[in-house]
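Report on one structure; see the data block that follows.
Quick note: residue numbers are just sequence positions, from 1.
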Amino acid sequence: MSDQPSAENAEVRQRRVPDSPEANLRAPDRDDVRPTSDESDMDAILQDEDRMERLTKAIPQDKGSLGEFADSMLEALPPRWRNWVVRGLFSIIMISTFTFIVNRGATWLMFLVFLIQFKCFQEIISIGLAVYRLYDFPWFRALSWYFLLTSNYFFFGESLIDYWGIVLKKDNFLHFLVAYHRLVSFALYCIGFVSFVLSLRKGYYMRQFSLFAWTHLTLLLIVSQSFFIIQNIFQGLIWFLAPVAMIICCDVMSYMFGFFWGKTPLIKLSPKKTWEGFIGGAFSTVIFGILLSLALYNRPFFVCPVQHYQTDSSNCTIPLAFQLQDYPVPRPFSFFFKILRKEPVIQLFPFVFHSIALSLFASILGPFGGFFASGFKRAFKIKDFGDVIPGHGGLMDRFDCQLLMGTFVMVYIHSFIRVPDASKLIKQIMTLEPQEQMDIFNLLQAELSKSGLL
């Protein structure tokens, strides 16, 4: 080891305060006064907050404006009621538009999901570009959108190609893209990855890598969730319509209960949310979910899996979840049936119970998607993700809860509802070698004979 003192030890000796009383009584020079670590951290935090506030001013914020003529008509109203009128008007417009699109069928709904996905991605990426000040890198912005398209192909390639093959009535539609789907997806991602490395600029490395991570996290939140939502559509339009309508009902009724009777704050992240609105919205959503399920359970357009309905809309087999079944009435309620000399059995279709489970999630856990978005916006000193919907903000402000709900519905379907699709199993078997197909045939024949079906 070297006998020379290290630079760190020399610095410590230079900063050491003398032990003599005279030195302790001496007033410190200006240069000797150093801020503590806590003071330095606080200064840095305040500087970051000021910088963040300046940067995010570039993000458009909703002002609740309907145009000069409409604003003049609402000018006499107090701000609270003016906001209520604007929100109510555009809520009616959005619900009416959504109803029209639902009645057009699965294809229109998928286009709607992709439109919302692209707009939500643009709103979140715009915040990242403002924070990391990369608007002067148009090539880098294009890479974010390239990764969005690549992710969409990876998630949706196989399922959507199968769907369009059925719609267009074409066998082996774009078979190459299905057979080598994962290879094509990986090749597309590698192109984007190499392009990102080549776009790196000296002096901007930290910002570029930060936005690279920002882009991938946004893809995880937006693309994967929209994939789950479209998978729900394939199971039947009701698995898309009912959860979306439940979230809308919960938002509207929570706002109404909170507006007229809300007094008790619910969570600090959203100061306007109240316990009265939360409880009123939950109760209303459960009732609405049951009524909606009773209205739709016998309509093949909503309950049949999309691929089956597209193949033969007039001869679609209603899934078991929408067929009436007998349920014994438990004690002590069965006593009343005995008094009336009736069998203690009621007939219901299982989707009623499924709708209760979905509505409970939509009203209790669904709002936490909104709380998460509120925390995100507070972190960047913004009120809204955008201003595309007057009175509401951006699309992300309206669909933050829908993303969480879509994931839950997909998990629920796979856990309690979904059964294997025989047509897809046969397609997979037909891709095997002839000897393997014969092995499957012999095994199936033996199992069916053992069970007495043959």
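For the pair Arg104 and Phe100, the cation-pi test (distance below 6.0 Å, angle within 45°) is passed.
Classified by interplanar angle (parallel below 30°, tilted 30° to 60°, perpendicular above 60°), the ring pair His216/Tyr189 is perpendicular. Taking the six-membered ring where the residue is Trp, Tyr412 and Trp239 present tilted rings, their angle falling between 30° and 60°. Classification of the Trp84-Phe259 ring pair by plane angle, with boundaries at 30° and 60°, yields tilted. Using the six-membered ring where Trp is involved, Trp261 and Phe257 have ring planes that are tilted, between 30° and 60° apart.
The stretch residues 184-299 participates, sequence neighbours left out, in no disulfide bond (SG atoms under 2.5 Å apart) pair at all.
Nearest heavy atoms, Ser270 versus Phe371: OG-CD2, 3.8 Å. When all heavy atoms of Leu404 and Gly369 are compared, the closest pair comes out as CD2-N, 4.1 Å. Nearest approach of Ile389 to Arg398, heavy atoms of both residues: CD1-CG, 3.9 Å. Across all their heavy atoms, Gln208 and Ser199 have their closest contact at NE2-O, 3.0 Å.
Tested against Phe196, the residues Tyr205, Phe147, Phe209 include a single ring-ring contact (aromatic ring centres under 6.0 Å, His included) partner, Phe209.
Asn152 CG to Phe121 CZ: the interatomic distance, rounded to the nearest 0.5 Å, is 9.5 Å. We find the CZ-CD1 distance between Phe155 and Ile230 to be 12.0 Å, quoted to the nearest 0.5 Å.
Here the side chain of Gln323 pairs a donor or acceptor atom with the backbone of Ile318 at under 3.5 angstrom.
In this structure, Phe227 and Val223 have side chains that are not in contact, with every pair of non-hydrogen atoms separated by 4.5 Å or more.
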